[in-house]
Amino acid sequence: MKNKTVVLLASFVVLTSFMVTGCSSLGVDPWDRDLLARPAMSLEGNPVESAFSDKMYFSREASSGGQGFAGGGCGCN
Amino acid sequence: MQLSKKSVCSALAIGACALLGTASPSVAGSATWEVDTGVSSYIEADDRIKVVEFSGAAKTSFGDDQTLKLKITVDTITGASPNGATPSSRPQTFTSPSGNTKYDINPGDTPLDPTFRDSRLAASAGWEQGITSMLKGNMGLFASTETDHLSAGLNGGLSLDLNNRNTTLFAGLSYEYGKVSPVGGTPRAMMTTGPGVEKTSTGDSESLGIADALAGITQTLSRRLLTQLNYSYSQSGGYLTNPYKVLSAVDATTGETIDYVFERRPDSRTRQSVFWRLKYSFDQDVVDLSYRYMWDDWEINSHTVTLKYFLAAPNRSVLEPYLRFYTQTAAYFHRSSVILADDMPQYASADTRLGKFDAYSVGLKYSTKGWRSSTMGARLEFYAQKGEDHPQDAIGVQKNMDLYPEASALVAQLFFSF
């Protein structure tokens, strides 16, 4: 369990470092953000729809969070 | 007295700022609000749980570097929920958690508690503040109350833009306190109750705490492609047991139910997860793919894959097909029942949500632009969950019973944003 955690954490750190340093040449100029600026490309989405889905899966499954905090917020699980 | 939308929003903003301890911005100016509302109906098959949920979220910005977010949710839950006992070849009688009602279960049927009902009110407020042109801070408060559960918490985080805003690093912390006041009191766990599940109460309320840490990165890879990678760590402590779930105490040879015990779970849990997401924009359409791997010290591992497609339709409308696959392993203390002759294990739960199962979701959303900048949407989702009908720990007559009947639910939702 601990070994797996260490391996996954190390992978996360390496990937993050790679994305920050190695990928600094990636990306676009501000005037090329036309497609990225569309609502459908937002990573946040509709907060009400996300809350409905998170609550439903949280109350039926043993996992939660990932994109946001795992938390709890209700006694449904 | 009539209150305009602007004056109500201004009062809300000032109240939220006071709550968050931030300076109240000047709201008499031109701040505009983005409001998302929705209603959701969740209905499980076989007359099980029904949930009706209303939610509203509002967001406004003050200048370029201050954003206020508010959200409120109200829901009601009714219906029948599995109480954890296994089907039996004989009729079974249970006492409801309040002790006021008894319900009978026919031979071979999954014991469902039909007295389950609750309502919940939850609210949250968040404030985002620019610190420098590249660094932002955020903080939030949230609270939730229902008949037997009260929770409140706070969170905060920082995000840093790098590489011409093509890279964003973020990290945050959250703490939540929960108070559980089980209907009929906290049951004495892992001790036989006698037929009928007469509860012996050991107290009126219990508490728990959940501390979360989240760190991640988002990276724009090209004009069409962006990705996100998160790692989260969550530590829960306190009363993590479900006070309404029991296990059948069965004969070691025949598997016949003789008695019952209330479940008990460990009083701490450490969860970790890695979440990866990829979004790709075609000229009109967008594809959104995500994967989450979660693991914890209860030996539950889960994989979640979600695929969503934004299909541009005529008249400024969007169709969003949705697919989700979820699979999890069982908690190490999950079991179908306990054997009466044995010493009782320290921890045991027959809650299907801690068992091994797969779940599938298929959904479709239609949304269209309405008057001015409003958006209306309707969404349907079908959810199905399938576990081990005949697990390895089944004994005697249990081998002929369906110990994990397939569960399914239909979700219908309406949205309106303006």
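All chains are named by letter (A, B, ...) in the order of the sequence lines, taking the proteins before the strands, and each is independently numbered beginning at 1. The figures that follow rest on heavy atoms only: side chains count, while hydrogens, waters and symmetry mates do not.
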Proximity breakdown for B/D285 and chain A, heavy-atom pairs closer than 4.5 Å: backbone

Highest number of heavy-atom pairs under 4.5 Å with chain A: which of B/E320, B/R269, B/K245, B/K308? B/R269

What residue, out of B/R165, B/K279, B/K59, has the most heavy-atom pairs lying under 4.5 Å from chain A? B/K279

Under 4.5 Å to a heavy atom of chain A? For B/Y280 that would be backbone

Would you mind checking which part of B/D118 comes under 4.5 Å of any heavy atom in chain A, side chain (CB onward), backbone (N, CA, C, O), both or neither? neither

Between B/S236, B/S281, B/A211, B/S273, which residue shows the highest count of heavy-atom pairs closer than 4.5 Å to chain A? B/S281

Contacting region of A/S42 [heavy-atom separation from chain B under 4.5 Å]: backbone

Under 4.5 Å heavy-atom distance to chain A, tell me which part of B/Y322 shows up: side chain, backbone, both or neither. side chain

Whether the B/Y244 and B/S81 side chains hold a donor-acceptor pair (N or O, under 3.5 Å, no angle test) is what I'd like checked. no

Show the nearest heavy-atom pair for residues B/R277 and A/L43, with the distance to one decimal. NH1-O, 2.9 Å

Distance-minimising heavy-atom pair for A/A62 and B/L354: CB-CD2, 4.3 Å

Could you look at B/R292 and say if it's the side chain, the backbone, both or neither that has a heavy atom under 4.5 Å from chain A? side chain

Given B/L150, B/I300, B/V180, B/N164, the one with more heavy-atom pairs under 4.5 angstrom with chain A than any other is B/N164

Which atom pair, heavy atoms only, marks the closest approach of B/F357 to B/R353? CE2-O, 4.0 Å

Distance-only donor-acceptor check, side chains B/Q235 and B/T270, under 3.5 Å: yes

With the threshold set at 4.0 Å, does a side-chain nitrogen-carboxylate oxygen contact exist between B/R120 and B/D148? no

Counting only non-hydrogen atoms closer than 4.5 Å, does B/V287 touch chain A with its backbone (N, CA, C, O), its side chain (CB onward), both, or neither? neither

Contact origin within B/E34 toward chain A - heavy atom pairs under 4.5 Å: neither

Where on B/V411 is there a heavy atom nearer than 4.5 Å to chain A: the side chain, the backbone, both, or neither? side chain

Contacting region of A/M56 [heavy-atom separation from chain B under 4.5 Å]: side chain

Bottom line for B/S124: the part with an atom under 4.5 Å from chain A's heavy atoms is neither

Taking every heavy atom of A/A51 against every heavy atom of B/K71, the minimum-distance pair comes out as CB-NZ, 3.6 Å

Side chain from CB out, backbone as N, CA, C, O: work out which of these in B/Y175 comes under 4.5 Å of a heavy atom of chain A, or both, or neither. neither

Relative to chain A, which segment of B/E53 carries a heavy atom at a distance below 4.5 Å: side chain, backbone, both, or neither? both

Test the B/R324-A/Y57 pair against the cation-pi criterion, namely NZ or CZ under 6.0 angstrom from the six-membered ring centroid and within 45° of the ring axis. yes

With a 4.5 Å limit on heavy-atom distance, are the side chains of B/T304 and A/E61 in contact? no

Stepwise side chain to side chain donor-acceptor pair (under 3.5 Å) check, B/E381 with B/Y383: CA-CA 6 Å; B/E381 178 177 345; B/Y383 177 85; over 6 Å; no

Using a cut-off of under 4.5 Å for heavy-atom pairs, which of B/S302, B/S55, B/A407 has the most such pairs with chain A? B/S55

Ranking B/G172, B/S417, B/A359 by heavy-atom pairs under 4.5 Å to chain A gives rank one to B/G172

side-chain contact (heavy atoms from CB on, under 4.5 Å) for B/N166 and B/L221? Distances and angles first, verdict last. CA-CA 8 Å; B/N166 285 302; B/L221 297 171; over 6 Å; no

Taking C-beta and beyond as the side chain, do B/D283 and B/R224 meet within less than 4.5 Å on heavy atoms? yes

